[in-house]
Amino acid sequence: YKQIGAVAEELGYKMAFETHMGCLTDLPEPTAKLLDVIDSPAVGANLDYGNMVYFKNAPSLEEAVTKLAGRTYMVHLKNSYPVQVEDYTQMVKCPLGDGMINNREFLLLLKKTRFDGALCIEAPRQGDREWFAQQDIAYLKSLTKDLGM
């Protein structure tokens, strides 16, 4: 990735590793370490806090944003809430404005780091995804307007 980063930098491109469970870049700490090793301004992180809520000791929103500050090139937004089923906790996907992730706080924290990358709504819910997308777009537009983003 050092070589790819050098080419991307030369061409004016940026690439990002998503924070995603089951990957080397599952949490902010190992993602930051990988970015340190690659050491290229063309290689950063796609911060997906919605993938971190599955971890028992997930970092807080503030810890996640702070750890990758200045190196977050994209953000995936989604939300979910836990439902206890016997001895198992299942995460149920829901609209961006609902659920356990406070996306207003998330965007405020990103704004403080001068984040200027892409915000990408991820709607992995079942059902009418077109309707869900419209709901989430309206929420995100309202939120970014409120926050001056």
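What you are looking at is a predicted structure, and each value in this text was computed from that prediction instead of being measured.
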Ignoring hydrogens, what is the shortest heavy-atom contact between [X] and [Y]? Give both atom names and the distance.
| X | Y | answer |
| --- | --- | --- |
| Leu24 | Pro30 | O-CB, 3.4 Å |
| Arg125 | Arg129 | O-NE, 3.2 Å |
| Ala32 | Lys67 | CB-CE, 4.0 Å |
| Arg104 | Leu147 | O-CD1, 3.9 Å |

- Query: Is there a donor-acceptor contact under 3.5 Å from the side chain of Gln84 to the main chain of Glu86?
  - Reply: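 Flag set: sc Gln84 to bb Glu86 pair under 3.5 Å.
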- N/O donor-acceptor pair under 3.5 Å between Tyr49 side chain and Asn103 backbone: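 Side chain of Tyr49 to backbone of Asn103: no pair is present.
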Side chain to side chain, [X] and [Y], heavy atoms closer than 4.5 Å:
| X | Y | result |
| --- | --- | --- |
| Thr72 | Thr113 | no |
| Leu47 | Phe106 | yes |
| Met74 | Lys14 | no |

- Residue Asp128 excluded, over 12 heavy atoms near CG under 6.0 Å: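 Atom CG in Asp128 is crowded, with more than 12 foreign heavy atoms closer than 6.0 Å.
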- Step through the shown structure and confirm whether more than 12 heavy atoms of other residues, nucleotides or ligands are within 6.0 Å of CD on Glu130.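 No, CD of Glu130 has 12 or fewer neighbouring heavy atoms, counting only those of other groups under 6.0 Å.
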- Message: Tell me whether Asp136 is salt-bridged to Lys78, with the criterion being a basic N under 4.0 Å from an acidic carboxylate O.
- Response: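 No, Asp136 and Lys78 are not salt-bridged.
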- Task: State the CG-CG distance between Leu143 and Leu107, to the nearest 0.5 angstrom.
- Result: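 Going from CG on Leu143 over to CG on Leu107, the span is 5.0 Å.
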- Message: Using 0.5 Å steps for rounding, measure from the CG atom of Asn79 to the NZ atom of Lys93.
- Response: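 Going from the CG atom of Asn79 to the NZ atom of Lys93 covers 10.0 Å.
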- Evaluation steps, side chain to side chain contact (heavy atoms under 4.5 Å, CB included), between Val43 and Ile4: CA-CA 9 Å; Val43 182; Ile4 294 171; over 6 Å; no
